[in-house]
2 protein chains.
Amino acid sequence: MAHRTISDEEFLDRALDLFRTYGYEGVSLSRLSEATGLEKASLYYRYPGGKEEIVMAVATRVVQGFEQHLFPALKAEGPPRKRVTVVVEQLRDFYCDGSKPCAINMLSIAGGGEDLKTMLRNVTQAWLKAFTEIARESGMSLSLARLRAEEAIVRIEGSLVVARALGDNAPFQRTLKLLPDLLTEA
Amino acid sequence: MAHRTISDEEFLDRALDLFRTYGYEGVSLSRLSEATGLEKASLYYRYPGGKEEIVMAVATRVVQGFEQHLFPALKAEGPPRKRVTVVVEQLRDFYCDGSKPCAINMLSIAGGGEDLKTMLRNVTQAWLKAFTEIARESGMSLSLARLRAEEAIVRIEGSLVVARALGDNAPFQRTLKLLPDLLTEA
DNA sequence: GTAACTATACCGATCGTTCGGTATCTAAAG
DNA sequence: CTTTAGATACCGAACGATCGGTATAGTTAC
């Protein structure tokens, strides 16, 4: 291969940053070009399907992030509560302490294609399932574990929205702090 | 006035429906024109400031909705818990049982002007304050009331996001159901 | 007459997209 | 070792369409 100026991972990371900030319709190819250093024509060399293919690749990377970091950490060894605290730090990192929007929120806005929505639905369900399992593992009934898992994700998503609206990350940080109790306390 | 084909209220309601669904950048003047029956030129007759002025008018209408319906219901007579159940039904109505996104979420996306963000921050703070007051009124300490108010809004916003991602309104409905306990139980 | 709106035409800018061309590298041929 | 061919990766320029916005003349209702 000849002179690849930016790696696929790096490219998708920068693209993700744009899409989670501006949403599907808010990200233009010019902005994408500017952020990645690739000319618009080059974007079509890498992703012949254009913007749709790029956003699908970005969503795929988000899914991979869940599968490679969050889910393994939840299924690791040791006490459930300890594992949750590891996940909390991963979430803090991914959401930059509450200053970066959630990709699931921003990409599920009307405008993207049907494949994208399916992907987001699947990853959200997988997230729900993973949280449910660790809650179960810490001794809860299945029904309670499901409720707690949903509440956890709801509060993560909601606190990100509120933090953005207020211009203050404190709500997100408060939410992270109570996640261990939410998911591992009966 | 002669031949006013659509009232300001009706116009802003339809515009709000567009903005909360597609976000600021996702709403074009053509779409706005199509949804309201007003030609593009007529939009500029009513709102010489263009899209910016329209979205500000929409945001103003959202704020008025809070001031004229939600806040009065919270400050009405009768037991706090009863007032909260009234508010719950207002929220269910405004969010169409969870199928319509929150305007605060969608309009706080990067792209809108600084005035818009200020407006959204103010209305969110007012909402927070109103929930805090009714929680206080039902016997909580100020610090607990504040936490519960924030949790309530966080869970409303978050459940709307999760509901949209899953294509299932149940999370939102579950959140509404526990709002009375959240805001009025010590 | 005037206020509210329509019809149409236009503007420069940007949208997503496409195409022809140009470096840069690898690999086979001489 | 050099030459050549071909694939790879990228770019400049332009496409038609639409964007937000403007201008003007005409129509309708009070």
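All values below were derived from every heavy atom in this structure, side-chain atoms included, with hydrogens, water molecules and symmetry-related copies excluded.
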Where along nucleotides 17-22 of chain D does protein come under 4.0 Å, by heavy atom, of base (B) or sugar-phosphate alone (S), with - for untouched nucleotides? --SBBB
Can you check whether B:Arg46 has a side-chain N or O nearer than 4.0 Å to OP1 or OP2 of C:dA4? no
Is it the case that over 12 heavy atoms from other parts of the model lie below 6.0 angstrom from the CD atom of B:Glu34? no
SB check A:Glu150 A:Arg146 (cutoff 4.0 Å): no
Side-chain N or O of A:Arg4 versus OP1/OP2 of D:dT8: is the shortest distance under 4.0 Å? no
Is there a side-chain contact between B:Arg20 and B:Val62 (heavy atoms, below 4.5 Å)? no
Path from A:Tyr22 to A:Leu12 over hydrophobic side-chain contacts below 4.5 Å: yes
Could you check which of C:dC5, C:dA7, D:dC10 has an atom nearest any side-chain atom of A:Tyr45? D:dC10
For B:Arg81, give me all partners under side chain to side chain contact (heavy atoms under 4.5 Å, CB included), at least two apart in sequence or on another chain. B:Pro180, B:Asp181, B:Thr184
Hey, is the side chain of A:Ser42 poking within less than 4.0 Å of OP1 or OP2 on D:dC11, counting only N and O atoms? yes
Find the distance B:Leu43:CG to D:dA23:P and express it as a whole number of Å. 16 Å
Can you check the B:Tyr47 OH to C:dA4 C1' distance for me, whole Å? 13 Å
C:dA4 P sits how many Å from B:Ile6 CD1, rounded? 15 Å
Lys/Arg N to Asp/Glu carboxylate O, A:Arg61 vs A:Asp8, below 4.0 Å: no
From the options B:Asp93, B:Asp17, B:Asp13, select the one residue that forms a salt bridge (charged side-chain N to carboxylate O under 4.0 Å, His left out) with B:Lys100. B:Asp17
Please report, rounded to the nearest Å, how far the C1' atom of D:dA9 is from the CZ atom of A:Phe11. 13 Å
C:dT17 P sits how many Å from A:Ile54 CD1, rounded? 9 Å
Take the protein atom CD of A:Glu39 and the nucleotide atom P of D:dC11, then report the distance between them rounded to whole Å. 5 Å
Atom-to-atom span, CD of A:Glu53 to C1' of C:dG16 - whole angstrom: 14 Å
